[in-house]
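For clarity, every value in this text was computed on a predicted model and none was experimentally measured.
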Amino acid sequence: MYVLRRVYKVKPGQTKNAAELIYKIGNRYTEAGQRDQVRVYWSGYTMPGTPNTVYMEWTQEKIESPYREGNDSPSMGELSTQLREMVEEQSIEFFEMFTPEKA
């Protein structure tokens with residue numbers, strides 16, 4: 001089992017707006033059956049942490065290429081366009097989860 005986390009560095013003042021779009025994008029992938037339920041969260045404002053940063057996290061049984069044969073990604077259309085205007089940079093992180101079977 002893996003945890004995948006997208007990290008979005010957004011323009012100042014856009015954290016909540018970006019989080020809303022990222023949440024909608026994540027839900028489209030979930031509804032299409034391509035991801036488990038996503039969690040979206042941020043730091044800064046009233047929480048300590050890196051300001052202007054939004055995270056989207058989900059789990060997957062295995063890591064697969066989004067370009068694999070037969071994979072039909074849902075269309076993001078206007079959501080992606082709006083988000084691009086707010087994002088300064090983004091990255092993705094991969095973590096392997098510890099499970100009792102790995103002990």
Check this for me: does any side-chain nitrogen of one of E88 and K9 sit under 4.0 Å from a carboxylate oxygen of the other? no

Please name the pair of heavy atoms, one in V40 and one in A19, separated by the smallest distance, quoted to 0.1 Å. CG1-O, 3.8 Å

Do Y29 and V87 land in one hydrophobic cluster if side-chain heavy atoms of ILVMFWY residues count as linked below 4.5 Å? yes

Between the CE atom in M56 and the CG atom in N27, the distance rounded to the nearest 0.5 Å is 9.5 Å

4.5 Å side-chain heavy-atom contact, K11 and N52: no

Please assess M1 against E61 for the test side chain to side chain contact (heavy atoms under 4.5 Å, CB included), listing each intermediate value before the final yes or no. CA-CA 5 Å; M1 178 72 78; E61 286 293 324; 2.8 Å; yes

Residues Y55 and W42: closest non-hydrogen pair is CD1-CA, 4.3 Å

Run the salt bridge (Lys or Arg N to Asp or Glu O under 4.0 Å) test against E20 and tell me which residues pass, sequence neighbours left out. K24

At their closest point, which heavy atom of E64 faces which heavy atom of Q60, and how far apart are they? N-NE2, 4.4 Å

Count the heavy atoms belonging to other residues, nucleotides or ligands that lie under 6.0 Å from CZ of F94, then report whether that count exceeds 12. yes

Starting from V54, can I reach L4 by hopping between I/L/V/M/F/W/Y residues whose side chains sit under 4.5 Å apart? yes

Approximate separation, where rounding is to 0.5 Å, of R39 CZ and I22 CD1: 15.0 Å

Are Y41 and Y8 connected in the hydrophobic side-chain network, where two residues link if heavy atoms are under 4.5 Å apart? no

Nearest heavy-atom approach of S43 to T50 is OG-O, 2.6 Å

Shortest non-hydrogen contact from W58 to D36? CB-O, 4.1 Å

Would the distance check show the side chain of T59 and the main-chain N or O of V3 forming a donor-acceptor pair, the cut-off being under 3.5 Å? no

Could you go through residues 77-86 and list every donor-acceptor pair under 3.5 Å that involves a side-chain atom there, pairing it with any protein atom two or more places apart or in another chain?
unit_1, atom_1, unit_2, atom_2, d
T81, OG1, G77, O, 3.4
T81, OG1, R84, NH2, 3.4

Non-neighbouring partners of E96 that pass salt bridge (Lys or Arg N to Asp or Glu O under 4.0 Å), sequence neighbours left out: K102

Nearest 0.5 angstrom please: I92 CD1 to E57 CD, how far? 11.0 Å

